[in-house]
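Working notes, structure below.
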Amino acid sequence: MPKNSYTLEPVGVIRSTVKSRADAPRQGSEGAPDAWLEIEPRFADALLGMEVGHELIVITWLHEADREVLQNHPRSDPSRPLTGVFYTRSPARPNPLGLHPVTVLEVERRRIKIGPIEAFDGTPVVDIKSASTHADG
């Protein structure tokens with residue numbers, strides 16, 4: 001493996017009613033649904049301490065994104081100036097990571113209901129972090 005290459009291992013997957021771009025809400029969590037985050041069995045122990053009401057940052061791999069796009073018009077609006085993707089929220093980018101601030105709504109064994117979240121059904125989750133500055137660790 002080249003020195004500048006990295007391997008990410010999904011820790012889970014999003015199960016959502018959002019199946020395609022047509023179902024997706026516009027930018028921001030306005031209108032975004034709640035979804036289930038299903039954790040891979042080998043990572044189940046990492047949920048210890050997770051409770052309803054906790055605020056998290058869910059980090060996803062935007063697997064349907066175009067990794068070749070470096071510039072676009074924000075919100076796909078051609079009246080807006082062409083902008084580099086590092087200054088947009090576009091999913092199209094060299095390393096398509098999604099950052100999703102969510103709240104834990106339910107906890108069931110290896111599944112947590114979170115929301116609201118803008119992510120397609122089947123989106124891989126590469127990490128979960130507490131959004132609280134009070135979390136230990």
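Both backbone and side-chain heavy atoms feed into the values below; hydrogens, waters and symmetry mates do not.
- Other cluster members for L105: none, since no ILVMFWY side-chain heavy atom sits under 4.5 Å from it.
- Side-chain contact between I114 and T103 is absent, with no heavy atoms from C-beta onward closer than 4.5 Å.
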Would I112 and E106 count as a side-chain contact (heavy atoms from CB on, under 4.5 Å) if you check the C-alpha gap in whole Å, the side-chain angles of each, and the deciding distance to 0.1 Å?
-> CA-CA 6 Å; I112 55 175; E106 290 182 48; over 6 Å; no

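- Looking at H100 and I14, their side chains never come closer than 4.5 Å, going by heavy atoms from C-beta outward.
- Put simply, NE2 on H73 and OG on S79 are 9.0 Å apart, with the number rounded to the nearest 0.5 Å.
- By the side chain to side chain donor-acceptor pair (under 3.5 Å) test, S16 pairs with no residue at all, sequence neighbours left out.
- The two residues A92 and V85 come nearest to each other via the heavy atoms O-CG1, 3.3 Å.
- There is a path of hydrophobic side-chain contacts, each under 4.5 Å, that joins V102 to L47.
- Contacts classified as salt bridge (Lys or Arg N to Asp or Glu O under 4.0 Å) and involving residues 119-133 (residues at least two apart or in different chains) are given here: R15-D121, K19-D121.
- Checking side-chain atoms of R110 against main-chain N and O of E38 turns up no donor-acceptor pair under 3.5 Å.
- Cluster membership check: V13 does not share its hydrophobic cluster with I128, using side-chain heavy-atom separations under 4.5 Å among Ile, Leu, Val, Met, Phe, Trp and Tyr.
- For the side chain to side chain contact (heavy atoms under 4.5 Å, CB included) test, no residue two or more places apart in sequence or in another chain qualifies with R109.
- We find the CG-CZ distance between L70 and F86 to be 7.0 Å, quoted to the nearest 0.5 Å.
- By the side chain to side chain donor-acceptor pair (under 3.5 Å) test, R67 is found to be paired with N95, residues two or more places apart in sequence or in another chain being considered.
- Among all heavy-atom pairs drawn from E118 and A32, the shortest one is CG-CB, 3.8 Å.
- With sequence neighbours excluded, the residues satisfying side chain to side chain contact (heavy atoms under 4.5 Å, CB included) with P10 are P124.
- Within the 4.5 Å cutoff, side-chain heavy atoms of K113 are placed close to those of D34.
- Residues satisfying the side chain to side chain donor-acceptor pair (under 3.5 Å) criterion with R111, sequence neighbours excluded, are E108.
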Give the intermediate values and the outcome of side-chain contact (heavy atoms from CB on, under 4.5 Å) for residues R93 and V69.
-> CA-CA 6 Å; R93 51 199 331 106; V69 174; over 6 Å; no

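- Remark: T17 OG1 to W36 CH2 distance equals 13.5 Å, nearest 0.5 Å.
- We find the CG-CG distance between N72 and D77 to be 11.0 Å, quoted to the nearest 0.5 Å.
- In this structure, L56 and V104 have side chains that are in contact, with non-hydrogen atoms separated by less than 4.5 Å.
- Looking at E9 and F43, their side chains come closer than 4.5 Å, going by heavy atoms from C-beta outward.
- Heavy atoms only, all atoms of each residue included: G12 and L37 are closest at CA-CD2, 4.5 Å.
- In the hydrophobic clustering (ILVMFWY side chains linked at under 4.5 Å, chained through shared members), I57 is joined by L8, I59, W61, L97, L99, V126.
- Residue pairs satisfying the side-chain hydrogen bond (donor to acceptor under 3.5 Å, both in side chains) criterion with at least one member in residues 44-55, sequence neighbours excluded, are absent.
- Every residue was checked against the side chain to side chain donor-acceptor pair (under 3.5 Å) condition with E68, not counting sequence neighbours, and none meets it.
- Under the side chain to side chain contact (heavy atoms under 4.5 Å, CB included) criterion, Y87 pairs with T83, sequence neighbours left out.
- What you find for S130 and S132 is that their closest heavy atoms are OG-N, 3.1 Å.
- Taking hydrophobic clusters as Ile, Leu, Val, Met, Phe, Trp and Tyr residues chained together by side-chain heavy-atom distances below 4.5 Å, L62 does not share a cluster with F120.
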